[in-house]
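Each remark here refers to the structure printed beneath this line.
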Amino acid sequence: MSEEKSLNFIEEIVEEDLKTGKYKSIVTRFPPEPNGYLHIGHAKSICLNFGLAKKYGGKTNLRFDDTNPTTEETEYVESIKDDVRWLGFEWANEFYASDYFEQLYVFAVTLIKKGLAYVDDSTSEEIAEQKGTPTVPGTRNRYAERSIEENLQLFADMRAGKYADGSKVLRARIDMASHNMLLRDPILYRIKHAHHHRTGDNWCIYPMYDFAHGQSDAIENITHSICTLEFIPHRDLYNWCIEKLEIFPSHQYEFARLNMTYTIMSKRKLLQLVNEGHVTGWDDPRMSTISGMRRRGYPAEAIREFCDRIGVAKRENLIDIGLLEFCVREQLNRIALRRMVVFDPLKLVITNYPEGEEHLQSENNPEDPNAGHRDIPFSRELYIEREDFMENPPKKYFRLAPGQMVRLKSAYIIRCEELVKDAAGNITEVRCTYIPESKSGSDTSGINVKGTLHWVSVKHAVTAEVRLYDRLFKVEDVANAEGDFKDHINEDSLTVLANAYAEPALLNDTPDDRYQFIRKGYFCLDKDSSADKLVFNRTVTLKDAWAKEAKKS
RNA sequence: UGCCCGAUAGUAUAAGGGUAGUACAACUGAUUUUGGUUCAGUAUGUCGUGGUUCGAAUCCAUGUCGGGCAACCA
């Protein structure tokens, strides 16, 4: 018997609907507006919608909610498709709300004929005024008294392009005194003489979200239309349209959107970061976009795991970004090839090691016996990390210090004998002796050391650029922090190391490989790499118990 | 001041009238040729007040707090 994971509230609804026979199978949809790139918050929605269909044997449509031509672009359509595919999901159909423009127009005419919609010539200011306030009912204007015939003619003329942008709208006739402001005769259609990314110049009137989304759901026989909390008030209107139009009764359910510490989750703000040059683009590895995370090296599986762990509920939340990083490490630990790279080199000479070189073997991944081994050249002169040596070490410092012994990973145990300084007193070289019988795999020295260091042979070192990323914002709750969100940008979110020294095995690996630079973190090759220049992105650091220990004192 | 949604460890999320559990984070220890991984363990929680009940996180009432609602955006 497998361990049963508890259901989230939407899964419960689905199971109930299936059990009672309300539906034989379910149909969901992921409905992005193509006006920006997808971010990790969308990933939650994608995993929910596609995950539900996968789990309960239904299907999921990808539907672009493209009813506002002035903000939407084909570039975004393509990026969204890439991201959904990369996340590991396949849509049953690729649809566009704009596919339904003709049908939607007919729906509008139907409402007019039923006396449930009218053409209003008021300005947007007038409409806003007449709306009232949450505590004061709105009022209907004289345009609401137009006859059905007149409305029909006017609406046809709107479509025909006889009127200027903003001069007329089509409104539903519902209830100007409703507690729900959205029911106070909401606008259904507006005039926009704008070029649409798919329908071109065929239309100059475009439906509003509320007159496109639910109807699109109905057309596609969506059984469970899942959206975020801010659409709760829209549900009344969603249901009103279904009732009056007598179309397939899709049901809307709302869940709380994902918020994550130290990041923003707004397409508008993300776009601002891109446009104002705070990042290099939508796929900058510091961005919370799916493409940014992909470039940074986050595996799709880790993102799916994350979405699974955060759960689905209706209360607002702020998820610790540490959980995402945990999921990334968990996955990468299993698959990453171990390599050695020195970021801040300090020369180390093994005085009793002969000239020449030998080739050592090291496991590609201790977690995976099938990952095999690689060859690492070893010689008399090596680079180690500068921070791995201290002349006057504190307590519990297991690394190199005068007279102290450490193991060089997959090689020998060495002892620090002396150090060399320049005129300014900076340490320029560490001189050690090695213990020949301590060779990894055939150690007969009987010596136990606490520390193990990574290293690279000077003669064989390959120069690489390494990009280290930190969080893009300095405050946990960016959206609710005081002032403009850009005031909280972390100016030190990117550190570029132009001359790191890497072991030569890194030259042979493929672009899709994931690495763990031993004791440093997880890395992947960046797309900026070329034949003569390796560029690595740090995906995430390793957990660092020493940093925590060192901070204590 | 109207209507709607919500409230369980630090953060998330279960328990659907019957022992408050899980994950991340934190802390302690063991293992380790990565101060990684793994393993073992510790601490921390039901918003308040009444009520129903043998028994309430759960049901009822009421209060408090947080969020949303008046775009020709989605």
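Here is the naming used below: chain letters follow the sequence lines, and residue numbers restart at 1 for every chain.
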At under 4.0 Å, does any side-chain N or O of [X] touch on OP1 or OP2 of [N]?
X	N	value
A:K314	B:rG67	no
A:S6	B:rA15	no
A:R338	B:rG36	no
A:R339	B:rU34	no
A:K267	B:rC73	no
A:K192	B:rC73	yes

At 4.0 Å (heavy atoms only), tell me whether [X] reaches a base, stays on the sugar-phosphate, or touches nothing.
X	value
A:Y206	nothing
A:F306	nothing
A:L229	nothing
A:P31	nothing
A:P134	base

* Asked: Whole Å only: how far is the OH atom of A:Y76 from the P atom of B:rA74?
  ->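 One finds 16 Å between P of B:rA74 and OH of A:Y76, rounded.
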* Euclidean distance, atom CZ of residue A:F378 to atom P of B:rU33 [Å, nearest integer] ->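 Computing the A:F378:CZ to B:rU33:P distance gives 18 Å.
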* Where along residues 438-446 of chain A does a heavy atom come under 4.0 Å from RNA chain B, residue by residue in number order? ->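 Going residue by residue through residues 438-446 of chain A, the ones with a heavy atom under 4.0 Å of RNA chain B turn out to be A:K439, A:S440, A:G441.
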* Contact list for RNA chain B against residues 158-180 of chain A - heavy-atom distance below 4.0 Å ->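 Residues of residues 158-180 of chain A that come under 4.0 Å of RNA chain B are, in numerical order, A:G166, A:V169, A:H179.
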* Asked: Taking the six-membered ring for Trp, does A:W546 stack with B:rG35 (centroid gap under 5.5 Å, planes within less than 30°)?
  ->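 According to the criterion (under 5.5 Å, under 30°), yes, A:W546 stacks.
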* **A:K409 vs A:L453 side-chain heavy atoms within contact, under 4.5 Å** =>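 The answer is no; the side chains never approach within 4.5 Å.
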* **Lys/Arg N to Asp/Glu carboxylate O, A:K131 vs A:D185, below 4.0 Å** =>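 So A:K131 does not pair with A:D185 through a salt bridge.
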* Give a yes or no on whether the ring-centroid distance for A:F343 and A:Y501 is below 6.0 angstrom. =>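 Ring-ring flag for A:F343/A:Y501: false, centres at least 6.0 Å apart.
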* Would you please indicate yes or no on a ring centroid separation below 6.0 angstrom for A:Y262 and A:F473? =>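 When the ring centroids of A:F473 and A:Y262 are compared, they turn out to be at least 6.0 Å apart.
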Ignoring hydrogens and angles, answer whether the base of [N] and the side-chain atoms of [X] contain a donor-acceptor pair closer than 3.5 Å.
X	N	answer
A:R309	B:rU13	no
A:Q516	B:rU34	yes
A:R519	B:rU34	no
A:E12	B:rG16	yes
A:R399	B:rG35	yes

* To do: If B:rA7 has a Watson-Crick or G-U wobble mate with both distances under 3.5 Å, name it; if not, just say none.
  =>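 In the structure as shown, B:rA7 has B:rU64 as its Watson-Crick or wobble partner.
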* Going by the ring pair (Phe, Tyr, Trp, His ring centres under 6.0 Å) test, name the single residue among A:Y189, A:F211, A:Y100, A:F101 that passes it with A:Y206. =>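 The single option meeting the ring pair (Phe, Tyr, Trp, His ring centres under 6.0 Å) with A:Y206 is A:F101.
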* To do: Without swapping roles, check the side chain of A:T28 against the backbone of A:N49 for a donor-acceptor pair under 3.5 Å.
  =>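 Yes, because the side chain of A:T28 sits within donor-acceptor range (under 3.5 Å) of the backbone of A:N49.
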